[in-house]
Amino acid sequence: MPELPEVENIAAGLREAIRGEYLERVEVRRPGIIQGPHRRRWRRFLAQVAGRRVARVTRRAKRLIIVTDNRLTLLFQLGMTGKFLLGTKPVEADEFAKHTHVVLHVGDRRLVRFIDARRFGRLWLLDGLDPDEPDEAMNAARMGPLGPEALAMRTDAFRRLLQTERSVKTLLLDQTRIAGLGNIYADEALFAAGIHPTRRCGAISDEVGQDLLRAIKSVLRRAIRAGGTTFSDYRSPYGDMGRFRRRLRVYGRQGEPCRRCGATIEKIVVAGRGTHFCPTCQPVGP
DNA sequence: ATTTCATCCTGGAGGC
DNA sequence: TGCCTCCAGGATGAAA
């Protein structure tokens, strides 16, 4: 599932590949994924995009943002299985054809394909987006409000976030409070900080809370450096798998021994999500 | 206001 | 082998 490190990696790959290039045409094969104020006028919007250069490729939370030189924006939410693939072959030539919902036709006959088997992904068409302050345009388009970027979260702000009785895992997945974590990195960060996922936020001491914030940033940075985590679907725009999977300590390891203490990793449901933890390294109590 | 829960969607896994 | 059921989960909007 594309979380912050995967989208960061996608943004870096696409930036390298298409920044400064002409977007000759944006082909939408499944208009149903289009959202935003231009939803009903998407053809007209994309006609304004055609022939412009890609000025910027960036990321906010788990959203990928492509801005043209006339300040029109394609904003992708990747959902569960959304990915981008660079190539030159015709779309129909491979097994992803039926799940290719958008194709960016770049100069030199190159293609950037947005592929999403499970179809939770969405494309927002926005105008007036300032790449340095993207939230304003997102709010204007009535997208859900986002909390601060996890990697930019300040210690005092995080301390205030923990003033609630929700379970800590629920908080970490709440994009309106802290943006970028998904199921994999929430579980990994809680393991690294030694906190049980059902722990009430308010029961976490300041000191342990700061450990948690450090763990969040550390696991995200290490995952970015490893090119993200490929559990099943994720690939970089060049088709590469993420290398962080073999570094996972708890996610997907239920029934296997903890790499720190040897206890058996357990899996429960928290906030409606599969949740993995070590019962010894992450005790329930204070 | 805050928090939980069903919903969307399809490929893959597991049961019989 | 084949058919059926269930599960994964990010974000959203309704419900509690």
Side-chain angles (χ1 to χ4, degrees), chain A residues 1-8 10 29-37 39 59-65 75-84 94-102 114-124 126 134-135 138-139 141-147 149-150 160-190 197-203 220 223 228-235 242 245 248 250-255 265-277:
Chain A
M1 305 123 265
E3 306 180 26
L4 185 154
E6 289 74 34
V7 182
E8 180 72 21
I10 290 169
R29 296 159 60 92
R30 189 179 284 275
I33 74 166
I34 296 180
Q35 308 287 315
R39 182 177 189 164
R59 175 193 66 75
R60 168 75 169 104
K62 307 173 192 174
R63 300 167 180 179
L64 181 90
I65 298 171
L75 186 154
F76 290 88
Q77 288 201 151
L78 280 65
M80 281 273 299
T81 54
K83 63 184 161 195
F84 291 86
D94 68 34
E95 82 253 37
F96 300 122
K98 69 183 262 205
H99 299 310
T100 298
H101 308 317
V102 180
F114 175 65
I115 299 167
D116 180 23
R118 217 150 289 181
R119 285 166 51 195
F120 282 10
R122 294 289 180 268
L123 166 60
W124 294 74
L126 304 175
D135 288 15
M138 293 186 196
N139 293 339
R142 291 198 291 277
M143 301 188 71
L146 287 174
E149 284 286 312
R160 284 194 296 276
L161 274 191
L162 289 174
Q163 310 294 314
T164 171
E165 286 311 301
R166 312 168 77 180
S167 72
V168 60
K169 170 137 181 188
T170 308
L171 177 78
L172 296 188
L173 291 177
D174 184 346
Q175 302 299 304
T176 72
R177 305 291 176 168
I178 175 171
L181 290 167
N183 210 31
I184 295 176
Y185 299 112
D187 283 2
E188 293 297 312
L190 287 168
T198 64
R199 192 80 174 280
R200 304 292 119 185
C201 291
L220 290 175
T229 301
T230 294
F231 205 80
S232 54
D233 295 274
Y234 173 72
R235 296 290 186 283
R245 178 171 184 172
L248 297 177
V250 287
Y251 185 87
R253 299 195 65 246
Q254 64 273 19
I265 302 299
E266 294 182 16
K267 181 178 181 184
I268 58 176
V269 175
V270 179
R273 297 288 173 263
T275 297
H276 314 72
F277 68 100

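All values below come from the heavy atoms of this structure, side chains included, with hydrogens, waters and symmetry mates left out. Letters go in sequence order (proteins before strands), and every chain restarts at 1.
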If we ignore angles and hydrogens, is there a donor and acceptor under 3.5 Å between the side chains of A:His276 and A:Asp187?
yes

Base, sugar-phosphate, or nothing: which does A:Phe76 touch, judged by heavy atoms less than 4.0 Å apart?
nothing

Spacing of A:Leu4 atom CG relative to C:dG10 atom C1', expressed in whole Å
14 Å

Any donor-acceptor pair under 3.5 Å between the side chain of A:Arg118 and the base of C:dA8?
yes

Rounded interatomic separation in angstrom, taking NZ from A:Lys83 and C1' from B:dT10:
13 Å

Could you state the CG-P distance from A:Asn183 to C:dA11, rounded to the nearest angstrom?
11 Å

Picking from B:dT4, B:dC8, C:dA11, which would you name as closest to the side chain of A:Phe120?
B:dC8

Report the relative orientation of the aromatic rings in A:Tyr251 and A:Phe231; use parallel for angles under 30°, tilted for 30 to 60°, perpendicular for over 60°.
perpendicular

Which of these nucleotides, B:dT4, C:dA8, C:dA11, is closest to any side-chain atom of A:Lys267?
C:dA8

Taking the side chain of A:His99 as its heavy atoms from C-beta onward, which of B:dG11, C:dG10, B:dT3 lies nearest to it?
B:dG11

To the nearest angstrom, the CZ-P distance between A:Arg200 and B:dT3 comes to 11 Å

Considering every strand and a 4.0 Å limit on heavy-atom distances, what is the contact class for A:Gly121: base, sugar-phosphate, or nothing?
nothing

Using a 4.0 Å heavy-atom cut-off, does A:Thr81 contact any base of the nucleic acid, only the sugar-phosphate backbone, or nothing at all?
nothing

Fit a plane to each ring of A:Phe114 and A:Phe76, take the angle between them on a 0 to 90° scale, and name the class: parallel (under 30°), tilted (30 to 60°) or perpendicular (over 60°).
tilted

Nucleotide of B:dT3, C:dT12, C:dG10 approaching A:Arg273 most closely (side-chain heavy atoms)
C:dG10

With the side chain defined as heavy atoms from C-beta on, A:Arg166 is closest, among B:dT4, C:dT12, C:dG10, to B:dT4

Between C:dG10 and A:Tyr185, is there an OP1 or OP2 to side-chain N/O distance shorter than 4.0 Å?
no

d(CE, A:Met143; C1', C:dT12) in whole Å:
11 Å

Does a nitrogen or oxygen in the side chain of A:Thr176 sit under 4.0 Å from OP1 or OP2 of C:dT12?
no

How long is the line joining CG of A:Leu172 and P of C:dA11, in whole Å?
14 Å

Rounded to whole Å, the CZ-C1' distance (A:Arg119 to B:dG11) equals 13 Å

Please determine whether a side-chain nitrogen or oxygen atom of A:Lys62 lies at a distance below 4.0 Å from atom OP1 or OP2 of C:dA11.
yes

Between CZ of A:Phe231 and P of B:dG12 the distance, given in whole Å, is 15 Å

Any donor-acceptor pair under 3.5 Å linking the side-chain atoms of A:Glu6 with those of A:Tyr185?
yes

May I ask you to say whether A:Glu149 pairs ionically with A:Arg60, meaning some side-chain N is under 4.0 Å from a carboxylate O?
yes

